[in-house]
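Let me begin by presenting the structure, written as structure tokens, before commenting on it.
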There are 2 protein chains.
Amino acid sequence: MRALVLEGSRVRLDRDRSEPRRSEREALVRVDLAGICDTDIQLARGYMGFSGVLGHEFVGTVIDAPTPSLRGRRVVADINAGCGACADCVERDGHHCEARTVLGIVSRDGALGEYITMPERCLVAVSDALEDEQAVFAEPIAAALHVLDAVSMRDPRTAIVVGDGKLGLLIALSLRGAGIETCVVGHHANKLAIAERAGCSVTLEAALDPGMRAPLVVDATGSATGLSRALALCSARGTLVLKSTVADRVTIDTTKLVVDEITVVGSRCGDMTRAVTALANGSVDPRALIEARYSLDDGERAFERAASKGALKVLVKP
Amino acid sequence: MRALVLEGSRVRLDRDRSEPRRSEREALVRVDLAGICDTDIQLARGYMGFSGVLGHEFVGTVIDAPTPSLRGRRVVADINAGCGACADCVERDGHHCEARTVLGIVSRDGALGEYITMPERCLVAVSDALEDEQAVFAEPIAAALHVLDAVSMRDPRTAIVVGDGKLGLLIALSLRGAGIETCVVGHHANKLAIAERAGCSVTLEAALDPGMRAPLVVDATGSATGLSRALALCSARGTLVLKSTVADRVTIDTTKLVVDEITVVGSRCGDMTRAVTALANGSVDPRALIEARYSLDDGERAFERAASKGALKVLVKP
């Protein structure tokens with residue numbers, strides 16, 4: 001099959017990659033549409049030491065599976081394939097299973113190819129009413145909505161999202177869709193306009209009101225200075241959700257953290273069912289983020305485009 | 001009156017300090033015994049820009065108060081004197097009231113003198129059964145037990161405290177007293193022995209088992225590298241409570257924070273009633289931490305002793 005493969009720091013289209021073979025509990029899924037995420041770009045820069053087929057955002061169709069009724073179903077997937085037996089897998093979602101593989105990130109070939117395999121229990125069916133160009137956003141929207149799991153105490157009414165890249169915008173749209181008054185702080189008027197059209201307030205970081213604070217602040221900058229900038233916007237007793245994974249080491253002012261008793265929560269993947277529901281009921285519509293569509297044959301160009309400064313979501317059709 | 005005063009970076013005994021005068025809602029309290037905290041030493045190094053009488057750990061006797069029944073009572077105090085009118089004061093404890101003063105830390109003379117004034121509602125009565133040398137620890141024990149407020153989800157069964165200084169030991173003793181299996185990681189066999197006698201397990205940091213993890217980790221190192229060292233000991237989905245206030249900027253590995261979805265909580269002052277209860281029912285006995293006792297007349301020497309490397313709790317009697 002054709003697949004976009006990371007080898008060392010090189011991303012290349014392999015036209016003769018072996019098709020993955022499903023194991024006993026896995027489904028074989030044909031990828032109908034995939035997205036390129038900033039994490040893919042970080043992986044190509046050496047993050048996590050991954051090599052193999054890239055990609056963890058997709059919508060596809062089940063070709064073969066142990067459960068006959070799954071065959072032919074349109075699905076998205078929780079990208080964390082846990083062992084299925086440990087406490088984290090049995091009692092929770094396996095996102096912290098120590099033996100987990102992660103689609104296109106840890107020891108498992110990803111979705112920027114024609115086929116993938118995933119454990120059946122990771123699959124989430126998608127209703128026919130959703131277009132591929134909506135469903136392909138299920139994984140990052142699940143991650144975006146997972147921000148809400150970090151604020152256990154009480155529902156925040158207001159939030160600030162720092163960063164107007166793909167993830168920042170999806171988080172802003174998702175929080176707004178969940179009924180939270182959300183302000184996006186960014187650097188790009190064209191990107192902020194997407195959040196504004198979705199009902200968020202927006203501000204250029206250069207024009208930030210120095211007194212602005214919220215009880216929920218999200219760092220989605222992808223920058224080593226993002227955590228500090230987000231911390232400054234957090235109210236006393238507030239929660240700062242850290243969504244950026246940054247290769248650099250990050251410096252923060254712990255005095256503010258202690259004196260204002262801020263909670264900083266690292267946040268990764270979320271619940272795919274919640275994401276599919278939010279897409280299906282229209283509370284989040286991510287299609288304004290689509291920057292370009294490529295065929296997998298042009299996968300290398302697609303990756304370059306996604307890695308170019310300021311790019312929004314690049315989609316790839318196998 | 002006599003009082004130990006911070007002026008710039010100089011700590012000196014003022015033998016002729018004006019006695020504080022209580023306002024309408026305040027009590028005048030005679031200090032019977034006070035303790036010197038690492039925060040006092042940080043203040044003398046410029047932290048918070050404080051000047052005035054140092055000290056926020058004390059037990060005293062009410063000399064005069066608006067409520068007649070309070071007169072003559074033995075008390076400790078919540079050191080945060082909020083405005084009493086804002087939402088944080090009305091709905092919570094005023095610890096984050098924006099107009100608050102803090103005893104011996106922010107715009108309010110402290111307890112290393114003969115008398116202090118505090119709002120009546122900050123006072124907590126102490127039973128006669130408690131010795132002054134126990135009650136004087138109420139404030140740091142309240143701060144220690146406040147660690148438990150950071151773990152909202154479910155009670156952790158095990159905890160690791162990094163740091164075997166005064167605060168680290170008090171946190172370890174307090175968590176152990178609350179029924180949590182607690183391991184202290186430190187550098188000083190003599191200090192670790194105090195935790196061990198109180199039922200904690202202990203380990204020298206140099207001999208740390210590299211696989212050791214706990215769902216609750218406390219950074220009480222007071223060091224700029226403490227947060228990173230504590231983070232490495234935190235299980236996936238675990239909570240790291242940051243108790244150290246460090247003047248330096250602190251560097252952390254945010255990848256671990258995000259991938260393992262760690263929650264980092266800044267934690268400051270706690271509930272004084274809970275601390276007095278823990279002292280009274282014997283679940284925490286801090287007296288093994290007493291290093292030396294001084295008269296206020298020797299306050300400057302007491303402060304030098306407290307600031308000397310490795311010192312445990314230095315008490316001062318006015």
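A note on names: the letters A, B, ... follow the listed sequences, proteins ahead of strands, and every chain is numbered from 1.
Looking at A:L227, the atoms closer than 4.5 Å to chain B (heavy atoms on both sides) all sit in the side chain, from C-beta outward. For chain A, no part of B:S235 is nearby; none of its heavy atoms comes within less than 4.5 Å. Only the backbone of B:I262 comes within less than 4.5 Å of a heavy atom of chain A; no side-chain atom from C-beta onward does.
Taking each heavy atom of A:V265 and B:L257 in turn, the nearest pair found is C-CD2, 4.2 Å. Considering all non-hydrogen atoms of both residues, B:L242 and A:V258 come closest at O-CG2, 3.6 Å.
The choice from B:L240, B:T251, B:V241 that makes the most heavy-atom pairs within less than 4.5 Å of chain A is B:T251.
Close approach to chain A, defined as a heavy atom under 4.5 Å from one of its heavy atoms, is seen in B:H95, B:H96, B:R100 of residues 95-107 of chain B, taken by number.
Every residue two or more places apart in sequence or in another chain was checked for a salt bridge (charged side-chain N to carboxylate O under 4.0 Å, His left out) with B:D271, and none qualifies.
B:D149 has no carboxylate O lying under 4.0 Å from a charged side-chain N of A:R237, or vice versa, which leaves the two without a salt bridge.
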